[in-house]
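Residue numbers start at 1 and run along the sequence shown.
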Amino acid sequence: MIEGNFITDRKNTFPATDWFDINFFGGFLNSDLKIIEQINQQTYTIGDEQLSSRVLNHWYQEGIITDDRTNNKGWKKFSFSEIVWIQIVIKLRKFGLDLKRIKQVKEQIDFYNIKDNKSKCPLLDFYMLVAITSTIPIKFIVFESGKAEIARQIEIDVLNQFDFITEDFISIDINRLLNKLLTKKNVKADYLNSINDTKQDLMVDD
């Protein structure tokens with residue numbers, strides 16, 4: 001049995017850690033980093049070559065994407081954060097998840113959303129910035145039961161080591177996804193030294 005911050009009576013549970021408390025609650029949620037505002041500025045459009053207007057409208061109706069268009073009509077501009085989420089949804093669809101399950105995933109990822117916050121999805125934005133500003137491997141995972149988590153690779157490894165994870169899960173590499181989207185920035189994960197990731201400085205503003 002593991003004591004301390006680990007929960008011993010539940011499976012597939014990622015317990016809160018000092019690292020998360022310090023960097024998310026103590027850092028990210030109270031920060032004025034310009035990059036948080038930048039990744040939430042709605043400046044991108046999506047053409048039919050990526051997703052047709054029919055698919056986008058269906059996702060709006062199902063609550064997969066927030067529809068903030070005037071009178072729910074016309075072309076929507078997306079933030080970089082929304083673009084990342086859309087890429088995650090596309091991958092989940094390729095894995096075979098239907099929109100009902102993806103909506104459940106979104107509800108879990110939106111757990112820390114706060115009205116009028118600069119970040120529309122703080123949990124996803126936080127881990128995106130961790131991946132961008134460090135070499136910490138970050139994974140977006142969805143279990144067979146539908147439970148969703150965003151976590152450091154080291155946390156997944158530890159829970160697997162002690163049999164806290166009992167279900168198979170889909171894993172999306174956030175570092176790799178960001179590296180494809182951010183063509184001018186090299187986003188890499190250091191798996192060999194990820195055990196030392198708590199020593200890395202996170203979210204340093206430009």
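A search for side-chain hydrogen bond (donor to acceptor under 3.5 Å, both in side chains) contacts involving Asp173 returns Tyr191, not counting sequence neighbours. For Lys106, the side-chain hydrogen bond (donor to acceptor under 3.5 Å, both in side chains) partners at least two apart in sequence or on another chain are Asp110. A search for side-chain hydrogen bond (donor to acceptor under 3.5 Å, both in side chains) contacts involving Gln87 returns nothing, not counting sequence neighbours. Taking Lys139 as the reference, Gln153 meet the side-chain hydrogen bond (donor to acceptor under 3.5 Å, both in side chains) condition, with sequence neighbours excluded.
A cation-pi contact, defined as under 6.0 Å to the ring centre and within 45° of the axis, links Lys76 to Phe78.
Placement of Ile22 and Leu33 in two distinct hydrophobic clusters is found when ILVMFWY residues are connected by side-chain heavy-atom separations under 4.5 Å, directly or transitively. Grouping the Ile, Leu, Val, Met, Phe, Trp and Tyr side chains by contacts below 4.5 angstrom, directly or via other members, places Ile141 with Phe162. Both Leu181 and Tyr127 sit in one connected hydrophobic cluster of ILVMFWY residues. Membership requires side-chain heavy atoms under 4.5 Å apart, directly or through other members. In the hydrophobic clustering of ILVMFWY residues, with side-chain heavy atoms under 4.5 Å counting as a link, Ile90 and Trp85 come out together.
In this structure the side chain of Phe126 reaches within 4.5 angstrom of the side chain of Asn23, judged on heavy atoms. In this structure, Phe140 and Glu149 have side chains that are not in contact, with every pair of non-hydrogen atoms separated by 4.5 Å or more. Using a 4.5 Å heavy-atom cutoff, the side chains of Leu92 and Ile172 are in contact. Looking only at side-chain heavy atoms (C-beta outward), Val187 and Leu177 stay at 4.5 Å or farther from each other.
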Subject >> Criterion side chain to side chain contact (heavy atoms under 4.5 Å, CB included) on Lys147 and Val142, from CA distance to verdict >> reply: CA-CA 6 Å; Lys147 179 179 173 57; Val142 181; over 6 Å; no

**OP:** Give the intermediate values and the outcome of side chain to side chain contact (heavy atoms under 4.5 Å, CB included) for residues Thr135 and Asn175.
**Re:** CA-CA 8 Å; Thr135 58; Asn175 306 72; over 6 Å; no

Original post:
Should Trp19 and Ile136 be marked as a side chain to side chain contact (heavy atoms under 4.5 Å, CB included) after you check the CA-CA gap, both sets of side-chain angles, and the distance that decides it?
Top reply: CA-CA 12 Å; Trp19 179 90; Ile136 298 174; 4.2 Å; yes

**OP:** Verify salt bridge (Lys or Arg N to Asp or Glu O under 4.0 Å) between Glu37 and Lys34, making sure each step is shown before the conclusion.
**Re:** CA-CA 5 Å; Glu37 184 175 353; Lys34 292 180 182 178; over 6 Å; no

**OP:** Let me see the working for Cys121 and Ile109 under side chain to side chain contact (heavy atoms under 4.5 Å, CB included), right down to the final yes or no.
**Re:** CA-CA 8 Å; Cys121 185; Ile109 301 306; 3.7 Å; yes

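In plain terms, the two heavy atoms of Lys188 and Asn179 that are nearest each other are NZ-ND2, 3.9 Å. Here the closest heavy-atom approach between residue Gly146 and residue Val105 is recorded as O-CG2, 4.1 Å. Contact detail for Asn40 and Ile36: the closest heavy-atom pair is ND2-O, 2.8 Å. The minimum heavy-atom distance linking Pro137 with Asp190 is given by the pair CG-O, 3.9 Å. The nearest pair of heavy atoms linking Leu178 to Met128 is CD1-O, 3.6 Å. Between Ala151 and Glu155, the shortest heavy-atom contact is CB-OE1, 3.4 Å.
Between the Arg93 side chain and the Leu97 main chain, a donor and an acceptor come within less than 3.5 Å of each other. Using a distance-only test at 3.5 Å, with no hydrogens or angles considered, no donor-acceptor pair links the side chain of Glu167 to the main chain of Phe143.
Heavy-atom neighbours of Arg101 CZ from other residues, nucleotides or ligands within 6.0 Å: above the threshold of 12. Summarising the local packing, NZ of Lys118 is surrounded by more than 12 heavy atoms from other residues, nucleotides or ligands at distances under 6.0 Å.
In summary, the side chains of Asp68 and Gln42 do present a donor paired with an acceptor at a separation below 3.5 Å, with no hydrogens or angles considered. With 3.5 Å as the limit, one finds a donor-acceptor pair spanning the side chains of Ser119 and Asp125.
Note that CD of Glu144 is 8.5 Å distant from OG1 of Thr166, once rounded to the nearest 0.5 Å. The structure places CD1 of Ile88 at 12.5 Å from CD1 of Ile64, a figure rounded to the nearest 0.5 Å. Within the model, atoms CD1 of Ile132 and CG of Leu182 stand 5.0 Å from one another, a figure rounded to the nearest 0.5 Å. Between atom CD1 of residue Ile154 and atom CD1 of residue Ile138 there is a gap of 11.5 Å, rounded to the nearest 0.5 Å. To the nearest 0.5 Å, the span separating CD on Gln104 from CG on Leu99 amounts to 11.5 Å.
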Ignoring hydrogens and angles, write down the donor-acceptor pairs under 3.5 Å from the side chains of residues 52-60, residues two or more places apart or on other chains.
from, atom 1, to, atom 2, distance (Å)
Ser52, OG, Val55, N, 3.2
Asn57, OD1, Arg69, NH2, 3.4
Asn57, ND2, Ser53, O, 3.1

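In this structure, Phe80 and Tyr44 have tilted ring planes: the angle between them lies in the 30° to 60° band.
Sequence neighbours left out, the pairs with a member in residues 102-121 that pass ring pair (Phe, Tyr, Trp, His ring centres under 6.0 Å) are Phe24-Tyr112, Phe25-Tyr112.
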